[in-house]
There are 2 protein chains.
Amino acid sequence: MAIALRPSQALRLWQQVALHEVENGMPDLSTRQLSILFTIYLDPPPHTVRGLASRLSVSKPVITRALDTMGALDLVSRRRDDADRRNVLIGRTVAGALFVERFGDVVIAKAAELPT
Amino acid sequence: MAIALRPSQALRLWQQVALHEVENGMPDLSTRQLSILFTIYLDPPPHTVRGLASRLSVSKPVITRALDTMGALDLVSRRRDDADRRNVLIGRTVAGALFVERFGDVVIAKAAELPT
DNA sequence: ATTGAATGATACGGTCCCGTAACGATGTAG
DNA sequence: CTACATCGTTACGGGACCGTATCATTCAAT
């Protein structure tokens, strides 16, 4: 069944999750970076720079730079596509999977604490 | 009653909201900026630089810079405290209130679309 | 073999943000 | 009136990101 939220609940949830991330010193990712990261981990592969750029309606360098940064954080990986060596296949990492999983746990915990 | 979310729902919700913000060209705010913005609009005033820095466990310049950026976007306002002129009181703006309200609407809409 | 399209990365000038340290303005206590 | 504490901002060198344009590599078609 669908999840029904009231405005105050929706906003409070976002605030609590964001505050938790900041307080605990997690990487200060932007909305763009988060959307890329979650798409890689939630949508079925394969993921390419061009595909992600198209999905988010942003330019390719935006994706390349976000992958640079999140790759340095070991949240995503890149490898050449052997079938078509122009492509770069973007994959998951252990650290990235842990980050996403933990993020989900925070959302669940904060949602459970929401006042009625 | 509390909101119960499964892991896939929690993560999908964040992805859908983040994607919506990016696709629609909304300001690409970081987690820090979002936590500051939501705290200003959800928690009771007054809000000061020192108070926000303490609340988020970050340094004061982090708050000052975030207020610079979001102030340029007209999402928050600053004014001197007449009672104690060392303080700066951080307030809301019409544009900021609209942004927050619209953000809540997006969360509600994406939550309603979540598969069971 | 040559041309052309497609992919992802890079270069550029500019802006924003970082953490640390210092600063001016303001308030408070002796 | 003179210290001293507090508040928010600014300075600094460095890194990340922006949008636009261009690049090298690879593939596909002639």
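Sequence lines set the chain letters: A, B, ... in the order given, protein chains first and strands last, and positions in each chain run from 1.
- Looking at B:Leu42 and A:Arg12, their side chains come closer than 4.5 Å, going by heavy atoms from C-beta outward.
- Computed from coordinates, the B:Arg78 CZ to D:dT9 C1' distance equals 9 Å when rounded to whole Å.
- Between the A:Thr39 side chain and the A:Ser35 main chain, a donor and an acceptor come within less than 3.5 Å of each other.
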### Query
How does protein contact run along nucleotides 19-30 of chain D, one letter per nucleotide 5' to 3', with B for base contact, S for sugar-phosphate only, - for none, heavy atoms under 4.0 Å?
BBB----BS---
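- Straight-line distance from the CG atom of B:Leu67 to the P atom of D:dT10: 12 Å, rounded to whole Å.
- For residues 96-105 of chain A, the pairs satisfying salt bridge (Lys or Arg N to Asp or Glu O under 4.0 Å) are A:Glu21-A:Arg102, with sequence neighbours left out.
- Looking at heavy atoms from C-beta onward, A:Val22 lies out of side-chain contact with B:Ser57 at the 4.5 angstrom threshold.
- When hydrophobic clusters are built by joining Ile, Leu, Val, Met, Phe, Trp and Tyr residues whose side-chain heavy atoms come closer than 4.5 Å, directly or via intermediates, A:Val17 is grouped together with A:Leu114.
- Contacts between residues 16-30 of chain A and DNA chain D, defined by a heavy-atom separation below 4.0 Å, involve no residue at all.
- If you measure from atom CG of B:Leu56 to atom P of C:dG19, you get 12 Å, rounded to the nearest angstrom.
- A search for salt bridge (Lys or Arg N to Asp or Glu O under 4.0 Å) contacts involving B:Arg6 returns nothing, not counting sequence neighbours.
- Between A:Asp68 atom CG and C:dG8 atom P there is a gap of 14 Å when expressed in whole angstrom units.
- In this structure the side chain of A:Arg78 reaches within 4.5 angstrom of the side chain of A:Thr64, judged on heavy atoms.
- With B:Leu89 as the partner, the side chain to side chain contact (heavy atoms under 4.5 Å, CB included) test is satisfied by one option alone out of B:Val49, B:Asp82, B:Asp81: B:Asp81.
- Near DNA chain D, defined here as any heavy-atom distance below 4.0 Å, the residues from residues 44-54 of chain B are B:Thr48, B:Val49, B:Arg50, listed numerically.
- When side chains are defined from C-beta on, A:Leu75 does not count as touching A:Gln33, because their heavy atoms never get closer than 4.5 Å.
- In the hydrophobic clustering, where aliphatic and aromatic side chains (Ile, Leu, Val, Met, Phe, Trp, Tyr) are joined below 4.5 Å either directly or transitively, B:Val94 groups with B:Leu98.
- Whole-Å rounding puts the A:Arg79 CZ to C:dT7 P distance at 18 Å.
- Straight-line distance from the CG atom of B:Leu73 to the P atom of C:dC16: 9 Å, rounded to whole Å.
- Considering only side-chain N and O atoms, A:Thr64 lies nowhere under 4.0 angstrom from the phosphate OP1 or OP2 of C:dG8.
- Side-chain contact between A:Val100 and A:Arg92 is absent, with no heavy-atom pair separated by less than 4.5 Å.
- Atom CG in A:Leu89 sits about 16 Å away from atom C1' in C:dA9, given to the nearest Å.
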